[in-house]
Amino acid sequence: MNYKIPRGTYDILPSQSHDWHKIISAFRQLAAACGYEEITTPVFEQAQLFERSSGETSDVVKKEMYRFTDQKGREFALRPEGTAPVARSYLENRLDIGAAHSKLYYVGPMFRYDRPQAGRYRQFYQYGIEFIGSDHPYFDAEVISILWNYLSVLGIKRMRLELNSVGCPECSKAYDQALQDYFRPHLNELCPDCQIRHSQKPRRLLDCKVKTCKQIAQGAPSQLDYLDEPCKVHFASVQDYLARMNIPFVINPRIVRGLDYYTNTAFEVIYEGLGAQNSLAGGGRYNGLLEQIGGKNIPAIGFAGGFERLLLALREEQIDLGARPVADAYLITMGPAAQQLALPLLSQLRLGGIWVEYDPTKNSFKAQLKAANNCQARFALIIGEDEAAAGKALLKDLQSGEQRLLELDAANQFIEAFKRN
RNA sequence: GUGGGUGUAGUUCAAUGGCAGAGCACCGGAUUGUGGUUCCGGGCGUUGUGGGUUCGACUCCCAUCACCCACCCCA
């Protein structure tokens, strides 16, 4: 074969689809129970949308975006994340009118031109929640609780919720200043990356993995000490709500968000044992985003999580998502007369939602029965020459070996009765 | 974008310069229409791809692609 799947992408094969359906529908169910409705946006958008929202200096925009120009010279990008498109749709479709707030969720592929690694792909699938229209700390807690409860419901245990507040733009600015002041005397001890970070993104100095940078960062000031009064109150209130909702969390003042639009609450769910990419999901408040892309000053909060990493974590915890579904019955016919009688029955059963396998290329009785066994069907529905002559069907339970001779239409009823159990 | 590891049958892996093999899976058979167990039979693989060294390359060298792992970044 001459063609290969693009780097960093993968096929979800039939043997895995069941798991994917499981985790996706669990998310949809929980989101719906919390009053969130699905929104689906295109997988590509104007490149500018992401440049404006994520920030031109962010890595996502600088080097990870799949960009392309269409036949009329318009600049587009495959979406690297889901929040900006949802915000765009919210504004474009005037969802702000007539409702106090919007509760939205999405599921779908995202694209980043990254070097593939454990838990990291170029096309990856995310689930996310966006709550748009209120700054009230209850909603921070609600959104976070949906994430936590979703992961919990699936059975994930060895995870931890880390919480931080990056404050409003003012506190944030003051903090950046404080960080720069703190690191300035050590500037030439820092790694080259950090020297750039110092002027561009001081916060990134905090999670550098180089030893000396780490040591210096030890004594750095904490964001939490630079929150102004309203931000402090907001953060305390979020914690309070979480506690009352029974969501366990730890404060981690070093959580840094990669995208520029985050304000106040920032959080992440960490799972050790995923390798270097140990973040299961992350999110935060983005009060500045909607205004930044041309809307009014509308507060919002949300999160996004990666299904691939979720699946890795589930495997790590040996959580069984249930067996792949198998056929209800396998139809066996011998000879043309039997087949003629069988085909209408086959259609009838299938229309009734019963999964019946049939393969006329297997002509020996033995091969057909073997195939029935191999596909793990519960029943073999046998119509041979004798049955055909008598207008009957032999229904064999492949587990017990028990078999019954039934009228052709009685076979239908029998299987339906069985399905109900 | 940088560094390390890996690439042989559908799959898991052997074969350290001399005829490319095994387990599992799959298919067929062991007298006419009863599966799972057992027995027998069934593999012509561009050894990821392209070059090079050599009488001879899965094996050594170079390049390239892909995967894995880490940096980076994040989900």
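Naming: A, B, ... by sequence-line order, numbering from 1 per chain. Remember, it's a predicted structure, so these values are computed and weren't measured experimentally.
Remark: the backbone N or O of A:Thr83 is paired with a side-chain donor or acceptor of A:Glu81 at under 3.5 angstrom. With hydrogens and angles disregarded, a donor-acceptor distance shorter than 3.5 Å links the side chain of A:His234 to the backbone of A:Asp135.
Geometrically, A:Arg203 does not engage A:Tyr175 in a cation-pi contact defined by less than 6.0 Å to the ring centre and at most 45° from the axis.
No contact: A:Gly283 has no heavy atom under 4.0 Å from any strand.
The C1' atoms of B:G35 and B:U16 are separated by 46 Å, rounded to the nearest whole Å. Annotation: B:C74 and B:A22 have their C1' atoms spaced 43 Å apart (nearest Å). Nucleotides B:U2 and B:A9 place their P atoms 30 Å apart, quoted to the nearest Å. A distance of about 14 Å separates the P atoms of B:U59 and B:C19, rounded to the whole Å. When the C1' atom is used for both B:C69 and B:C62, the distance is 24 Å, rounded to whole Å. Atom name P, nucleotides B:G10 and B:U46: the rounded distance is 8 Å, in whole Å. With both ends at atom P, the span from B:G42 to B:U54 equals 41 Å, rounded to whole Å. The gap from the C1' atom of B:U8 to that of B:A57 amounts to 14 Å, rounded to the nearest Å.
Pairing partner, B:G21: B:C13, with both Watson-Crick or wobble hydrogen-bond distances short of 3.5 Å. Base pairing of B:U38 is made with B:A30, judged by Watson-Crick or G-U wobble geometry with both donor-acceptor distances under 3.5 Å. With a cut-off of 3.5 Å on both pairing distances, B:U47 has no Watson-Crick or G-U wobble partner at all. B:C60 is paired with B:G52 under the criterion used here, namely a Watson-Crick or G-U wobble arrangement in which both key atom distances are under 3.5 Å. In this structure, B:A70 and B:U2 make a Watson-Crick or G-U wobble pair, each of the two defining distances being under 3.5 angstrom. Nucleotide B:A75 has no partner under the Watson-Crick or G-U criteria, as no pair reaches both atom distances under 3.5 Å.
Among the nucleotides B:C74, B:A70, B:U34, the one closest to the side chain of A:Ala276 is B:A70. The side chain of A:Arg115 approaches B:C71 more closely than any other nucleotide in the set B:G36, B:C71, B:C73.
Residue A:Gln117 contributes atom CD, which lies 12 Å from atom C1' of B:U2 at whole-angstrom precision. Between A:Leu369 atom CG and B:G28 atom P there is a gap of 13 Å when expressed in whole angstrom units. Per the geometry, CZ belonging to A:Arg79 stands 19 Å off P belonging to B:C74, to the nearest Å.
Along RNA chain B, the nucleotide nearest A:Tyr113 and the nucleotide nearest A:Ser400 are compared for position; the residue whose nucleotide lies closer to the 5' end is A:Tyr113.
The pair A:Glu272-A:Arg158 fails the salt-bridge criterion, with no side-chain N (NZ, NE, NH1 or NH2) lying under 4.0 Å from an Asp/Glu carboxylate O.
A:Pro221 has its side chain within reach of A:Tyr226: a pair of non-hydrogen atoms, C-beta onward, lies under 4.5 Å apart.
Between A:Phe124 and B:A75, a base-stacking contact is recorded: ring centres under 5.5 Å apart, planes less than 30° from parallel.
Across every non-hydrogen atom of A:Thr263 and A:Asn287, the tightest pair is OG1-N, 3.1 Å.
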